[in-house]
There are 2 protein chains.
Amino acid sequence: MNRRGDAATDEGTPTEPVGPSPTGAAGPSRPTSRDVAERAGVSQATVSLVLRDRWRGRVSPPRAEAVREAARELGYRPNLAARRLRSGGTGTILLVVPALTNEFFARVHAGAAAVAAERGMSVVLFPSPEGIGPAPDPFASAGATLDGVIASSMASRALRALRGGGLPLVMLDSDPEGTEAAATVNPDVPEGLRWAGRHLLAAGHRRIVHLAADVDTWTFRERGRALAAELAAAGHPLVGSARAALDVRAAAVVAEALLAARPRPTAVVCDDDVLAAGACKAARRTGLRVPEDLSVTGVDDLALATAVEPELTTVRLPAEEMGGAGMRALLEVLDGDAPGNRVLPVRLVPRGSTGPAPTGPG
Amino acid sequence: MNRRGDAATDEGTPTEPVGPSPTGAAGPSRPTSRDVAERAGVSQATVSLVLRDRWRGRVSPPRAEAVREAARELGYRPNLAARRLRSGGTGTILLVVPALTNEFFARVHAGAAAVAAERGMSVVLFPSPEGIGPAPDPFASAGATLDGVIASSMASRALRALRGGGLPLVMLDSDPEGTEAAATVNPDVPEGLRWAGRHLLAAGHRRIVHLAADVDTWTFRERGRALAAELAAAGHPLVGSARAALDVRAAAVVAEALLAARPRPTAVVCDDDVLAAGACKAARRTGLRVPEDLSVTGVDDLALATAVEPELTTVRLPAEEMGGAGMRALLEVLDGDAPGNRVLPVRLVPRGSTGPAPTGPG
DNA sequence: CTGAAAGCGCTTACAG
DNA sequence: CTGAAAGCGCTTACAG
């Protein structure tokens, strides 16, 4: 007979120094589906059916309700290990991102993990992003067997390594066309960059440059394309552009060169907040004031956007929502549905790093 | 910093799944311990003993080697669900932190998750940090059954909710005395703050103030205490201090007040990089140059430390190592060992936000 | 509509 | 030193 009780009952149990249960399964054992079945006066099979919501047309409503009540009274929670063993699933999803230390991907992960937790699944991060190209088996090195994969912002080259795993794949922030993904979830980055361009145009800026990320992925290509198109359509095309690695210091070096052009640009649109922070750094070194002499915009709305002075005007990407939506899509695929492609809205967050275009010659 | 998505070529890598699929449910079924046993000519029990490294004195060395070889040849990896079901463990560890969005805790989590993965365990984050005080059962709301708990930088009040769970507990960045933790892992924060103080004293600063975190936890109390003691011992005690919430904007407001004192302080030691960024903001608004007029130091070495201009001199805390060491300690507890208390070294990273004390009257 | 039974892959007493 | 056997808690055909 299984008991359930609070920790206080532990005091009565003998605790050897080298414990009887080295696995840490302390305390009285939890109620099982057998206990629920007994209490509800049904079989274990009925309990399983009802609790997994597969009972319609197979169990009578009153019995289903009785099962639910018994489960509630007992505080029953299914043993995930048993369920997985029986069902063949592993309960773990691999999240592949290009850089683990990046705050954006940390937020994507948080969003995905939260949704996974609701379903008793867990998320493992791909542990060595550097090795994703030549690694013969990225999945084995993940240290777990997998039910599916979510990949974010990957280069198409790196994506090849993800195929052939035969696992359901959901792509985030990636080309919705031509992938073998079962579903995609994308922030509307083109619209975001258009917002940034319009924001600067409205402030009177006419000499705008683009500090692009030196990363060959769909998301950054789209950013550059959308910005250039928007400005050109307004009759004030980009007057310059350059690429920098996603690193504040590297970006500062490249931005300094961009700012050396004459007439000097009055605004720089950056693909990413990290690049924008680099641009601000460059401005400061060059003796330019932000925003009086130079306006700067970023993308992401990371913590550093409000940490720098002035704070960054930026395009907020819904990182957590992307992770959550991606996980939800993957769960749908696992359930046999075809979720398709989703686009999430983004918004411009105006802050201190942008202002009216300086008047007079540059 | 890692470059996003920039992976080496993977040409030559076979795209077709070869042999037994390492990925689990899809494709041909994975080899089981039974397959290994068959191939090695032993029983399943022997395989289990050998592969879990519990074979000494129970299995002859040649047979043990044969088992290992068979497992290698087959690409055998144990089914975690089966192992957990049998052993009673759940394979999941709860990590409780005060703020999920904080980069420091994200790094602690990464370190813990990496070590956990090596052992086939997974880490769940406490999902609602706000609720940790009054929550009647934080464990149930974690959405999973647990083998143990790691808690970082928690207020003692919040800690009470963690007791009574009856689960093995490892504390990070917390008071090593008087807790019911089985083990603690702490960065040497007092030494870190002493370093900051010495660094400024050596640069000639005599009017130093402390911008403290308005958070009532052991780690921040220790920081203030160590700094005050170090400066007092040198004959140049703190000339002021104030507390601010861990938020750049809030810190800037408080720092402005600190900097209004006359004679003006020449250096501000901050409990955290976020506070230091706020202090830099305040300096800029006040018209003070960093570091010419004011030196600023932080603690953590977050990404923002190098994103701001000038970059922050800071005390680097080994966040990943703490998470990893904490997980290792917890695994030892689970194995029946008593790991005790560990202190991890910290180091001062001098950057542009500190310089020689300004000469002349403040 | 419902229950009895088999079995997922592993670990652990237990008997040799 | 080694193997046969039981069983962890669940889900799923299958037989009523």
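We name chains A, B, ... by the order of the sequence lines, and we start the count at 1 in each one.
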Between atom [atom1] in [X] and atom [atom2] in [N], what is the gap in whole Å?
| X | N | atom1 | atom2 | answer |
| --- | --- | --- | --- | --- |
| A/Leu49 | D/dA13 | CG | P | 11 Å |
| A/Glu38 | C/dA4 | CD | P | 12 Å |
| A/Asp35 | D/dC8 | CG | P | 12 Å |
| B/Asn79 | C/dG7 | CG | P | 17 Å |
| B/Tyr76 | C/dG9 | OH | C1' | 7 Å |
| A/Arg34 | D/dC8 | CZ | P | 8 Å |
| B/Arg54 | D/dC1 | CZ | P | 18 Å |
| A/Gln44 | D/dC8 | CD | C1' | 12 Å |

Between [options], which nucleotide has the shortest distance from any of its atoms to the side chain of [X]?
| X | options | value |
| --- | --- | --- |
| A/Ser33 | D/dT11, D/dT2, D/dC10 | D/dC10 |
| B/Ser60 | D/dC1, D/dG9, D/dT11 | D/dC1 |
| A/Ser87 | C/dT11, D/dT11, D/dT2 | D/dT11 |
| B/Ala82 | C/dG9, C/dT2, D/dT2 | C/dG9 |
| A/Arg86 | C/dC10, D/dT2, D/dT11 | D/dT11 |
| B/Leu85 | C/dG9, C/dT12, C/dG3 | C/dG9 |
| A/Ser43 | C/dC10, D/dC10, C/dG3 | C/dG3 |
| B/Arg83 | D/dG9, C/dT11, D/dT2 | C/dT11 |

Report all side-chain donor-acceptor pairs from residues 105-113 of chain B shorter than 3.5 Å, counting only partners two or more places apart or in another chain.
unit_1   : atom_1 : unit_2   : atom_2 : d
B/Arg107 : NE     : B/Glu320 : OE1    : 3.3
B/Arg107 : NE     : B/Glu320 : OE2    : 3.3
B/Arg107 : NH1    : B/Asp301 : O      : 3.3
B/Arg107 : NH2    : B/Leu317 : O      : 3.3

Looking across every strand, which nucleic acid part, if any, lies under 4.0 Å from [X] by heavy atom: base, sugar-phosphate, or nothing?
| X | result |
| --- | --- |
| B/Arg63 | sugar-phosphate |
| A/Arg52 | sugar-phosphate |
| B/Val47 | nothing |

Does a sphere of radius 6.0 Å around CZ in B/Arg68 hold more than 12 heavy atoms from other residues, nucleotides or ligands, not counting ones at 6.0 Å or beyond? yes
With a 4.0 Å cut-off, would you call A/Glu321 and A/Arg342 a salt bridge? no
Hey, are A/Arg328 and A/Glu118 close enough for a salt bridge, meaning a charged N less than 4.0 Å from a carboxylate O? no
So do the side chains of B/Asn186 and B/Leu344 get within less than 4.5 Å of each other, counting heavy atoms only? no
Side chains of A/Leu330 and A/Ile93 in contact at under 4.5 Å (non-hydrogen atoms): yes
Candidates A/Leu146, A/Ile150, A/Val123 - the one meeting side chain to side chain contact (heavy atoms under 4.5 Å, CB included) with A/Leu94: A/Leu146
Apply side-chain hydrogen bond (donor to acceptor under 3.5 Å, both in side chains) to A/Glu69 and list each qualifying residue two or more places apart in sequence or on a separate chain.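 Testing A/Glu69 for side-chain hydrogen bond (donor to acceptor under 3.5 Å, both in side chains), a comparison that skips the adjacent residues, returns none.
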Counting only side-chain nitrogens and oxygens, does A/Thr32 get under 4.0 Å of the OP1 or OP2 atom of D/dG9? no
What would the secondary structure line of DNA chain C be in dot-bracket form, counting Watson-Crick and G-U wobble pairs under 3.5 Å, with [ ] for pairs that cross earlier ones and | for pairs with another strand? |||.||||||||.|||
On DNA chain D, compare the nucleotides closest to A/Thr46 and A/Ala81; which residue's is nearer the 5' end?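 It is A/Ala81 whose nearest nucleotide is closer to the 5' end.
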